[in-house]
Amino acid sequence: MTNELIAFSVASLLVSMAPGPTTVVILRQSIRSGRAAGVVTVLGNETGWLLWCLAAALGLSALLLASQLAFDVMRIAGAVVLVGIGARTLWQARSPHDPATGGRTAVPAGTSLWGCYRMGLLTNLANPKAGVFALSFLPQFVPDGAPALPTLLLLALGSALIDLVWYLGIVRLLCAAGRLFARPAVRRWLEYVSGTVLIGQAMRLALTSRP
């Protein structure tokens, strides 16, 4: 049992460390709007992951594997969401400097903690591969004879906590280096990179033909 828990923890950490759209969005929100925005974005991402895990535990994610149509609908919808976020990021990278903030890029008035949470949530839910992954990843660690649904839910919670610790550590490091990222040129460059990567991830998702 101990070996299984260690294997699960290591596997979950490696999954968390793998870069993807979620990482880009968390980095961007943390640098652009500060620690609170980064933390709330992380919480939104973990909510999305838990929803995917719940869908997997209830067998709903199996629909994405069984039905090509269902997967195609989800991947196209997800690609549209990621393109929207990426395009918005590129547009905001062109925002003029605000003299009142010492030359830093002005944060749009519409930015809110709820908006950050929603962005983290949507970024995760926009990737149907997360649902397929949850369906294939979690059951591997259910011990023989253990009740499936409660065990899957506990594993989902454990993986979310590991994910949470990893991303909160990243947010903290970014905020500790706040002076570097406060430079207008650095912030604008990061905005352009973030937007481009998100649109690239959207194109990659749109071109994925199989779950």
Contact summary for [X] and [Y], nearest pair of heavy atoms:
X: Trp49; Y: Asn124; result: N-OD1, 3.5 Å
X: Val40; Y: Tyr117; result: CG1-CB, 3.3 Å
X: Pro139; Y: Ala134; result: CD-O, 3.7 Å
X: Cys175; Y: Gly34; result: SG-C, 4.2 Å
X: Ala160; Y: Glu46; result: O-OE1, 3.4 Å

Check: Thr41/Tyr167 side-chain N/O donor and acceptor closer than 3.5 Å: no
Examine distances only and state if a side-chain atom of Ser33 and a backbone atom of Ser30 form a donor-acceptor pair shorter than 3.5 Å. no
As an exercise, state the distance from [atom1] of [X] to [atom2] of [Y], rounded to the nearest 0.5 Å.
X: Leu138; Y: Cys53; atom1: CG; atom2: SG; answer: 4.5 Å
X: Leu13; Y: Ser159; atom1: CG; atom2: OG; answer: 12.0 Å
X: Leu54; Y: Leu149; atom1: CG; atom2: CG; answer: 8.0 Å
X: Ile170; Y: Met17; atom1: CD1; atom2: CE; answer: 8.5 Å
X: Leu153; Y: Leu50; atom1: CG; atom2: CG; answer: 9.5 Å
X: Trp166; Y: Thr23; atom1: CH2; atom2: OG1; answer: 8.5 Å

Paired with Ile26, the side-chain contact (heavy atoms from CB on, under 4.5 Å) test is passed by just one of Val42, Ile31, Leu168, Val39, namely Val42
Quick one: which of Leu121, Leu113, Leu164 gives a side-chain contact (heavy atoms from CB on, under 4.5 Å) with Leu43? Leu164
Evaluate Gln29 against Val171 for side-chain contact (heavy atoms from CB on, under 4.5 Å), listing each step before the verdict. CA-CA 9 Å; Gln29 293 299 95; Val171 171; over 6 Å; no
Give every residue pair that meets the side-chain hydrogen bond (donor to acceptor under 3.5 Å, both in side chains) criterion with at least one member in residues 7-18, sequence neighbours excluded. Ser16-Asp163
Where at least one partner belongs to residues 7-35, residue pairs that pass ring pair (Phe, Tyr, Trp, His ring centres under 6.0 Å), sequence neighbours excluded: Phe8-Phe141
Suppose we screen for side-chain contact (heavy atoms from CB on, under 4.5 Å). Which residues come up paired with Thr123, at least two apart in sequence or across chains? Pro21, Thr22, Val25, Leu82, Ile85, Met119
Heavy-atom side-chain proximity of Phe133 to Val15 below 4.5 angstrom: yes
Membership question, hydrophobic clusters at under 4.5 Å side-chain separation (ILVMFWY): are [Y] and [X] in the same one?
X: Leu14; Y: Val165; answer: no
X: Leu27; Y: Ile199; answer: no
X: Ile76; Y: Val81; answer: no

